[in-house]
Engineer: 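I am attaching a structure below and will ask some questions about it afterwards.
Here is how names work: the chains are called A, B, and so on, in the same order as the sequence lines, proteins then strands, and each is numbered from 1.
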2 protein chains.
Amino acid sequence: MTMDARKFRILQAIIDDYILTAIPVGSRTISKKYEMGLSSATIRNEMSDLEELGYLDQPHVSAGRIPSAKAYRLYVDQLLKNGSIRTGDAADVRAYFTNRAQQMEDVISRAAQVLSGLTHYTSLVMSPKGAELRIRTLQLVPVSSQSALLVIVTDGGIMRDSVIRVGSDMDADALYAVSRTLTERLGGHTLSEALALIKETERDMRAERQVLSGVAEFLDAVDSEGGKAKLTLGGASNILNFPEYSDVEKAKCFLSVLETKEKLLKLMENHGEMAFTVRIGPETGIPELEDCSLVTATYRLSDNTHGTIGVIGPTRMQYGRVLSVLSAMGKQLTDLLGQDKE
Amino acid sequence: MTMDARKFRILQAIIDDYILTAIPVGSRTISKKYEMGLSSATIRNEMSDLEELGYLDQPHVSAGRIPSAKAYRLYVDQLLKNGSIRTGDAADVRAYFTNRAQQMEDVISRAAQVLSGLTHYTSLVMSPKGAELRIRTLQLVPVSSQSALLVIVTDGGIMRDSVIRVGSDMDADALYAVSRTLTERLGGHTLSEALALIKETERDMRAERQVLSGVAEFLDAVDSEGGKAKLTLGGASNILNFPEYSDVEKAKCFLSVLETKEKLLKLMENHGEMAFTVRIGPETGIPELEDCSLVTATYRLSDNTHGTIGVIGPTRMQYGRVLSVLSAMGKQLTDLLGQDKE
DNA sequence: GTTAGCACTCGACCTTAACGAGTGCTAACA
DNA sequence: TGTTAGCACTCGTTAAGGTCGAGTGCTAAC
């Protein structure tokens, strides 16, 4: 037995219906609602075949069928292959960004809001990995006699900052001089590269040793943290709108995964070369999310700097719509934050 | 009929028990568990009186009593009057801050985590109101030929930043010169005051008009936003651990109030002159939170700059513990972020 | 003023029964 | 050979009835 065109059409109808209603789909529903020109008995036979092929599950014998992860996979692959991603959401997305925020952080949190608002799922927006960012300017701003604020401007205007200790004999002018030198030497390099460069620089500038080691310490911290890509969530409580999470225990489980962001970060960092990555149920690799799907896309700051955006919700997800919104949002963020935004 | 010492003792026992168990408290429970030396019948009579006085509610006739908002109010007032706030939590709080983060933002999000972790409720940490912060240093960092990053270091190391447009003829040195002048003129003033001062400055420095108006624009934005005190949440999903929120609808309601932070911000800004503010049920003024209590405390950056921390949970809250943890956390934050931290 | 006793209330929980959506199978049909 | 009508069967859902027990209010005795 093999998957033919009719089986696929029926499977698609079942998935569409289940995504819409969250109710196991029976043969009669398909026969009547989706005008197949086939009786429920025929559908029943096909459904039985589809179950044997692993595309459908049956919660219990007297209920309809629900799509398996394998079915969603097929469905999504089809969606991606056809390139049938609508573009109508682009306008919606743009509309929400009217009052153009200027700070990276604002743009990111706004993006998370818009994503969750448009999709009704939980959204995830990840800033680019710190270690990959290229330094544009580096400046030390005096804070007190003993300390200075290290400001690093990078691609896309993202800013990393930290208070570091400086020798007490550094006034504003001295700090500025160091800043100029450092910008000259480190500009254009990634934070990781800068860490290596600064060691060399340390030899030339004995007087400013303490400052340099402060900067080095910070770069090291950023580097070892794997870049501390920051993850912003939106609409976490949206999950409660779905009947599959009317059980409080399940909801709690989902939300606690969101709160410890590490696992999610790892998942999102593994975004492949594709425009989209769709992880369905067990494909997430996180047991607590085996009934969830995660769809991610990227936005670009420069050639080799990118961030990731995503949407997480039940496997029964409106993949088409989500892909379309993510696509629009990715473009929008690239526009707003990308290198040539001037 | 009036409230006497014995009634109060019984009421206290009822509240303690209900806070612990969330189960309506019966007369027998009090008589046996709390060694009053009184029979259940006597307790029953007293409880009937307490109900008439408005301190107790009865979900239905054959259930025990639960404390009313009025009862919690009495209970909390007693707690505050006695000054019986334990200090044992100070050590716990400090322990969680071992790896001292240096950025304000990190400290704040860590504080939210610690608060929700120690109390098992949802925590709120509000940064100080922007408009009240005093400028320490102000510096422009070049970002591109057309724009610069405005960095403002304020009390407690908080930093406000924004990208502003500058004339194309400003190189790094020119920006630095402007920065020095601005720091000289605006340093020590609040952001609100600075807005007025910069208008005057604008006359003296015609050449740098564009930069100044950029700075002014930013200050204006901060000012008109009411300072955009930022609210950080911790442990939002903790609420699902409480039986009163095992109903998903209620939980959804609670979480959506948290997500639109405005109402909460307003509430937290209204923190009075007291060390603590406790708002019980309807006292919050937010209908969705009529079964919740909000306890807030402050921390200080300088004499007239403070932020607010708080905990929100069911009215059936462990007020004693929460007050103690908040007290410890307030001190800790004042230590970490306060003016004289060097 | 306190307490034992008792009738009463009412939600929680269990059992049972009816219902119906949906299935698998068989036999008839084109 | 594929399709379909028919039918017995399954099993979760819902409603109804019944028991249980925690808790109350009241009364009368101490």
Engineer: To the nearest Å, give me how far apart CG (N45(A)) and P (dT23(C)) are.
Structural biologist: 11 Å
Engineer: Nearest whole Å is fine: how far is dA22(D) P from I66(B) CD1?
Structural biologist: 20 Å
Engineer: Can a donor-acceptor pair be found between the side chains of H271(A) and T308(A) at a distance below 3.5 Å?
Structural biologist: no
Engineer: What's the CG-C1' distance between D17(B) and dA22(D), to the nearest Å?
Structural biologist: 14 Å
Engineer: Expressed as a whole number of angstroms, how long is the span from E51(A):CD to dG22(C):P?
Structural biologist: 15 Å
Engineer: What is the distance, to the nearest angstrom, from the CG atom on L50(A) to the C1' atom on dT23(C)?
Structural biologist: 15 Å
Engineer: Let's test this: given Watson-Crick or G-U wobble pairing with both distances under 3.5 Å, identify the partner of dA7(C).
Structural biologist: dT24(D)
Engineer: Q58(A) CD to dT23(C) C1': how many Å, rounded?
Structural biologist: 7 Å
Engineer: I want to check one thing: is the phosphate of dG24(C), taken as OP1 and OP2, less than 4.0 Å away from some side-chain N or O of R65(A)?
Structural biologist: yes
Engineer: Backbone N or O of L115(B) within a donor-acceptor pair of the T119(B) side chain at under 3.5 Å?
Structural biologist: yes
Engineer: Please determine whether a side-chain nitrogen or oxygen atom of R6(A) lies at a distance below 4.0 Å from atom OP1 or OP2 of dT3(D).
Structural biologist: yes
Engineer: Look at the side-chain N and O atoms of S48(B) and state whether any lies under 4.0 Å from the OP1 or OP2 oxygen of dT24(D).
Structural biologist: no
Engineer: Whether the Y34(A) and T29(A) side chains hold a donor-acceptor pair (N or O, under 3.5 Å, no angle test) is what I'd like checked.
Structural biologist: no
Engineer: With respect to the phosphate group of dT2(C), does any side-chain polar atom (N or O) of S39(B) fall under 4.0 Å of OP1 or OP2?
Structural biologist: no
Engineer: Under a 3.5 Å cut-off for both distances, is dA29(D) Watson-Crick or wobble paired, and to whom?
Structural biologist: dT2(C)
Engineer: Check whether any side-chain nitrogen or oxygen of S27(B) sits under 4.0 Å from OP1 or OP2 of dT24(D), and answer yes or no.
Structural biologist: yes
Engineer: If you pin A41(A) and T29(A) to their nearest nucleotides in DNA chain C, which one's is more 5'?
Structural biologist: T29(A)
Engineer: Got a donor-acceptor pair under 3.5 Å from the side chain of R44(B) to the base of dG5(C)?
Structural biologist: yes
Engineer: Counting heavy atoms from C-beta on, name the nucleotide in dT23(C), dT3(D), dA21(C) closest to the side chain of L38(A).
Structural biologist: dT3(D)
Engineer: Report the nucleotide, chosen from dT3(C), dC11(D), dA22(D), that has the shortest atom-to-atom distance to any side-chain atom of V61(A).
Structural biologist: dC11(D)
Engineer: Rounded to the Å, how far apart are K32(B) NZ and dG23(D) P?
Structural biologist: 10 Å
Engineer: Looking across every strand, which nucleic acid part, if any, lies under 4.0 Å from S40(A) by heavy atom: base, sugar-phosphate, or nothing?
Structural biologist: nothing
Engineer: Would Y75(A) and D16(A) count as having a side-chain donor-acceptor pair, cut-off 3.5 Å?
Structural biologist: yes
Engineer: Please indicate whether R28(A) has more than 12 foreign heavy atoms, meaning atoms of other residues, nucleotides or ligands, lying under 6.0 Å from its CZ.
Structural biologist: no
Engineer: For the pair made of CD1 in I43(B) and P in dA22(D), what is the distance, rounded to whole Å?
Structural biologist: 18 Å
